[in-house]
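Since the structure comes first, as structure tokens, the remarks are kept for the end.
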Amino acid sequence: MRGTDRSWIEVEKKALLHNIGELKKITGRSCVLMPAVKANAYGHGDVLISRILQDAGVTDFCVASAEEGIRLRKEGITGEILILGYTHPDAFPELRRYGLTQTVVDIDYARVLSEFGGNIAVHAGVDTGMHRLGIPSDRMELIESVWTLPGIRVTGVFSHLCVSDGITRQAKEYTREQIRRFTQVTDELRRKGIRGFRSHIQGSYGILNYPAYSFDMARPGIALYGVMSSEKDKVMAKMRLKPVLALKARIGCVKELPEGESAGYGLTYTAQSRRRIAIAGIGYADGIPRSLSNCGHALVRGVRVPIIGRICMDQLTLDVTDVPGAAAGDEAVFIGCSKESRITAEEVAKEAGTITNEILSRLGGRLGRIVV
Ligand SMILES: *Cc1c(COP(=O)(O)O)cnc(C)c1O
């Protein structure tokens, strides 16, 4: 199966490599990029994306769960794979077996990992103000103690910025304070003679909006995929990143909808005049938000057409009255280009009232995924 018979994602390899290059320009030579390929590489396909990146010289990756890390290992990804979240102690043997690096989510967790033994690699999480994971940055004695624990190997220390995408003064001050606290921690560790760890705090917006700061590593996610979290951010980050993903579906049939007839579940759309409608093989189970019913769009033969009626689990309906020659077998583009027209992930996110990260990461496992 070619993967393009029903609904599919096209991953543009050139765009991905371009984005890596652009991000590297900002972070500089001494900073190692550790792409976030969690959540199936934000829907793009984690194995596919990681392989392209590994072939291009990327050695380190971060994921959200042990399971994601194990899949990458089984598919031949060899570098450091950092699990950014909690892993249940039952899975510790697998961390060892697959050589995955675990985040120290707090000091108690570090002790549990230590008791398990097995020389598991860890990055110590430091909480500088997000208050999600990590040891509080003002508890230096606890942070240092991670290095004294037997049975684990500390290869990194990191924190996470929670408002680096913000443009208000408060957001900027908060972010600078987070970076200051983190730098204080790493300086203090080095002053105590602790070496051999790599430090990192920047995700996409940390890189784009705070380019002057440079750490040993950075963890770009959304920017790597050439997308801003939301449309408004474009102004701020004037980067020439290229979208990596296109989302498409095949039109299965085209038909007339007589005036006064309704289409789809719940009678939410009624034709005010005779329409031509097309049924595309993609639905909310594939990740098209149901909230785009009667408000989203697609491109057919370069023409922007509305989604009409309720989006179903596996199918949706488009009004193709204005598309000359629209026929079964045509492609409908939900994100990406068709002739001269384009729909961006940012637009879709805005229409759906969310951010692109959510739209992309929820693109389903049922979609075909091809590299173009
Ligand atoms: C998801 C995540 C990232 C990547 O975030 P982007 O904003 O997509 O670049 C980086 N670090 C941590 C801890 C994350 O959870």
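Along the sequence shown, the residues carry numbers beginning at 1.
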Run Arg275 and Glu256 through salt bridge (Lys or Arg N to Asp or Glu O under 4.0 Å) and show every step you take.
CA-CA 6 Å; Arg275 313 305 296 167; Glu256 298 289 327; over 6 Å; no

Between Val154 and Val104, is the side chain to side chain contact (heavy atoms under 4.5 Å, CB included) condition met? List the steps.
CA-CA 9 Å; Val154 193; Val104 167; over 6 Å; no

Between Thr155 and Glu80, is a side chain to side chain donor-acceptor pair (under 3.5 Å) present by the stated rule, with each step listed?
CA-CA 10 Å; Thr155 57; Glu80 180 156 48; 3.0 Å; yes

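For Arg71, the salt bridge (Lys or Arg N to Asp or Glu O under 4.0 Å) test picks out Asp46, with sequence neighbours left out.
No side-chain heavy atom of Phe182 sits less than 4.5 Å from a side-chain heavy atom of Leu161. Within the 4.5 Å cutoff, side-chain heavy atoms of Thr4 are placed close to those of Arg250. Between Arg181 and Val185 there is no side-chain heavy-atom pair separated by less than 4.5 Å. Residues Arg369 and Asn40 are in side-chain contact: their nearest non-hydrogen atoms beyond the backbone lie under 4.5 Å apart.
Between Lys38 and Glu68 there is no salt bridge, since no side-chain N of the basic residue sits under 4.0 Å from a carboxylate O of the acidic one. Using a 4.0 Å cut-off between a side-chain N of Lys or Arg and a carboxylate O of Asp or Glu, Glu22 and Arg240 do not qualify as a salt bridge. A salt bridge does not link Arg176 with Glu173: every distance from a Lys NZ or Arg NE/NH1/NH2 to an Asp or Glu carboxylate oxygen is 4.0 Å or more. Taking a cutoff of 4.0 Å between a charged side-chain nitrogen and a carboxylate oxygen, Glu75 and Arg73 do not qualify as a salt bridge.
Note: His200 and Phe158 meet the aromatic proximity criterion, with ring centroids under 6.0 Å apart.
Residue pairs that meet the ring pair (Phe, Tyr, Trp, His ring centres under 6.0 Å) test with at least one member in residues 256-302, sequence neighbours left out, do not exist here.
Atom CD in Glu144 sits 3.5 Å away from atom NZ in Lys192 (nearest 0.5 Å).
A donor-acceptor contact shorter than 3.5 Å is absent between the side chain of Lys14 and the backbone of Val372.
Each of Leu133 and Leu82 belongs to its own hydrophobic cluster when Ile, Leu, Val, Met, Phe, Trp and Tyr are linked at side-chain heavy-atom distances under 4.5 angstrom. There is no path of hydrophobic side-chain contacts, each under 4.5 Å, that joins Val303 to Leu257. The hydrophobic clustering, which links ILVMFWY residues whose side-chain heavy atoms are closer than 4.5 Å, places Val320 and Ile277 apart. Phe334 and Val323 fall within the same hydrophobic cluster, where Ile, Leu, Val, Met, Phe, Trp and Tyr residues are linked whenever their side-chain heavy atoms come under 4.5 Å apart, directly or through other members.
Grouped with Ile355 in a hydrophobic cluster is no other residue, since no side-chain heavy-atom contact under 4.5 Å to another Ile, Leu, Val, Met, Phe, Trp or Tyr is found.
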